Amino acid sequence: SSVFVCDKILKRVFKFDAQTGNLLNRISIENGEPYKLSVNKNYIVVSDILNHQLNIYDSNNFNLYKKLFIDQPDKKNGPFSVYITNDNLIFFKNYSVSQLTFTDKDLKSEHVFNRINGEINGFTILECTNQTLVVGCTDKVSFKLVCFNNI
């Protein structure tokens with residue numbers, strides 16, 4: 001019933017009513033650059049590519065829960081693509097090293113899929129349900145879907 005919009009120019013995340021288009025709430029990300037977001041019933045996770053972190057907000061009141069710093073080996077922007085599951089596992093992409101990582105919301109447990117399907121550089125996290133992660137990949141010539149089961 002809601003639509004979330006991540007605006008890197010205005011440095012905000014907006015929540016709109018899907019039926020009326022009315023603005024319901026907003027998050028300001030000062031001194032950052034929100035790039036992608038993912039929402040579940042408990043949290044909103046926003047990738048801040050300027051500060052190399054994931055910002056986690058309570059989805060009910062939009063209060064900041066935690067900031068997770070994500071090491072970027074080349075110190076360029078990232079993390080990029082992000083996805084949070086219903087059981088609060090967070091998947092994110094470290095762009096420069098083509099890594100797909102998943103962690104819990106407190107960054108206590110972390111696992112890295114080092115190279116996605118034979119060094120495919122471009123990928124985005126599409127969905128994660130029933131312990132299957134679906135990733136869209138491109139090698140600049142073709143597009144394919146890669147599924148990881150029992151995650």
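Every heavy atom of this structure was used, including side-chain atoms; hydrogens, water molecules and symmetry mates were not. Bear in mind the structure is a predicted one, so any value in this text is a computation, not a measurement.
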Result block: side-chain N/O donor-acceptor pairs under 3.5 angstrom for residues 11-19, not counting sequence neighbours:
unit_1: Lys11; atom_1: NZ; unit_2: Gly32; atom_2: O; d: 2.8
unit_1: Arg12; atom_1: NE; unit_2: Ser28; atom_2: OG; d: 3.3
unit_1: Asp17; atom_1: OD1; unit_2: Gln19; atom_2: N; d: 2.7
unit_1: Asp17; atom_1: OD1; unit_2: Thr20; atom_2: N; d: 2.9
unit_1: Asp17; atom_1: OD1; unit_2: Thr20; atom_2: OG1; d: 3.4

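- Asn88 pairs by the side chain to side chain contact (heavy atoms under 4.5 Å, CB included) definition with Asn40, Asn42, Tyr43, Ile84, Lys105, not counting sequence neighbours.
- Here Lys8 pairs with Glu33 under the salt bridge (charged side-chain N to carboxylate O under 4.0 Å, His left out) rule; sequence neighbours left out.
- Taken together through direct or relayed side-chain contacts under 4.5 Å among Ile, Leu, Val, Met, Phe, Trp and Tyr, Val5 and Leu10 form part of one hydrophobic cluster.
- For the pair Pro79 and Ser47, the tightest heavy-atom approach, listed with the atom from each and the gap, is O-CB, 3.3 Å.
- The NZ atom of Lys67 lies 7.5 Å from the CG atom of Asp48; values are rounded to the nearest 0.5 Å.
- Tracing side-chain contacts under 4.5 Å through hydrophobic residues (I, L, V, M, F, W, Y), one reaches Leu64 starting from Val39; they form part of the same cluster.
- For Asp87, the side-chain hydrogen bond (donor to acceptor under 3.5 Å, both in side chains) test picks out Thr85, with sequence neighbours left out.
- From Leu68, atom CG reaches atom CD1 of Ile56 across 4.0 Å, with rounding to the nearest 0.5 Å.
- Atom CG in Asp7 sits 11.0 Å away from atom CG in Leu37 (nearest 0.5 Å).
- Partners of Asn61 according to the side chain to side chain contact (heavy atoms under 4.5 Å, CB included) rule, which considers only residues two or more places apart in sequence or in another chain, are Asp58, Asn63.
- Put simply, the side chain of Val82 does not reach to within 4.5 Å of the side chain of Val46, judged on heavy atoms.
- In this structure, Asn51 contributes its side chain and Gln53 its backbone to no donor-acceptor pair below 3.5 Å.
- A donor-acceptor contact shorter than 3.5 Å is absent between the side chain of Ser59 and the backbone of Ile44.
- For Tyr57, the ring-ring contact (aromatic ring centres under 6.0 Å, His included) test picks out no residue, with sequence neighbours left out.
- For the atom pair Asn25 CG and Ser2 OG, the distance stands at 10.0 Å (nearest 0.5 Å).
- Aromatic ring pairs are classed by plane angle as parallel below 30°, tilted from 30° to 60° and perpendicular above 60°; the pair Phe62 and Phe4 is parallel.
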Query raised in the report: So Leu54 and Ile90, side chain to side chain contact (heavy atoms under 4.5 Å, CB included) or not? Walk me through it.
Result: CA-CA 10 Å; Leu54 298 174; Ile90 299 171; 3.8 Å; yes
